[in-house]
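In what follows, a structure is listed as structure tokens, so that the remarks can point back to it.
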Amino acid sequence: SCGTPVITYDVCGSPELVFDGVTGFVVPEGDVIGVLGAIEAVKGGKISRDACREHAKINFDKNENYKKYIELFKEIFNGETDLC
């Protein structure tokens, strides 16, 4: 959320958080040459810090995500809120 570009391997959940080529780079697991290329691209200004910040604001707003969790819980429990 501070505008820092991300470089991650394409494993686990990390790639789902990066918009490849816009907010950072996703490289194949173990691809050291790919990581070096991504570092050079970030150093060369190919990723906009403003784009990173905007992506975080749009996709990871805590209040909006709280609402999504509440809606998910309501769906799971068929609207029942008294679970005790």
Could you give the side-chain donor-acceptor pairs of residues 7-16 under 3.5 Å, partners two or more places apart or in another chain?
unit_1: Asp10; atom_1: OD1; unit_2: Glu29; atom_2: N; d: 2.8

Legend entry - Residues in side-chain hydrogen bond (donor to acceptor under 3.5 Å, both in side chains) contact with Glu64, at least two apart in sequence or another chain: Lys67

Legend entry - Whichever hydrophobic residues join Val26 through chains of side-chain contacts under 4.5 Å: Val6, Val18

Return all side-chain donor-acceptor pairs below 3.5 angstrom for residues 36-49, not counting sequence neighbours, or 'none' if the list is empty.
unit_1: Ser48; atom_1: OG; unit_2: Asp50; atom_2: N; d: 3.2
unit_1: Ser48; atom_1: OG; unit_2: Ala51; atom_2: N; d: 3.1

Legend entry - Apart from Ile70 itself, residues in the same hydrophobic cluster as defined by side-chain heavy atoms under 4.5 Å: none

Legend entry - Reported CD-to-CG distance for the pair Glu54 and Asn59, which is rounded to 0.5 angstrom: 9.5 Å

Inset, instruction - May I ask you to check whether over 12 heavy atoms, not counting those of Phe19, lie within 6.0 Å of atom CZ? - result: no

Legend entry - For Tyr69, all residues meeting side chain to side chain contact (heavy atoms under 4.5 Å, CB included), sequence neighbours excluded: Phe73

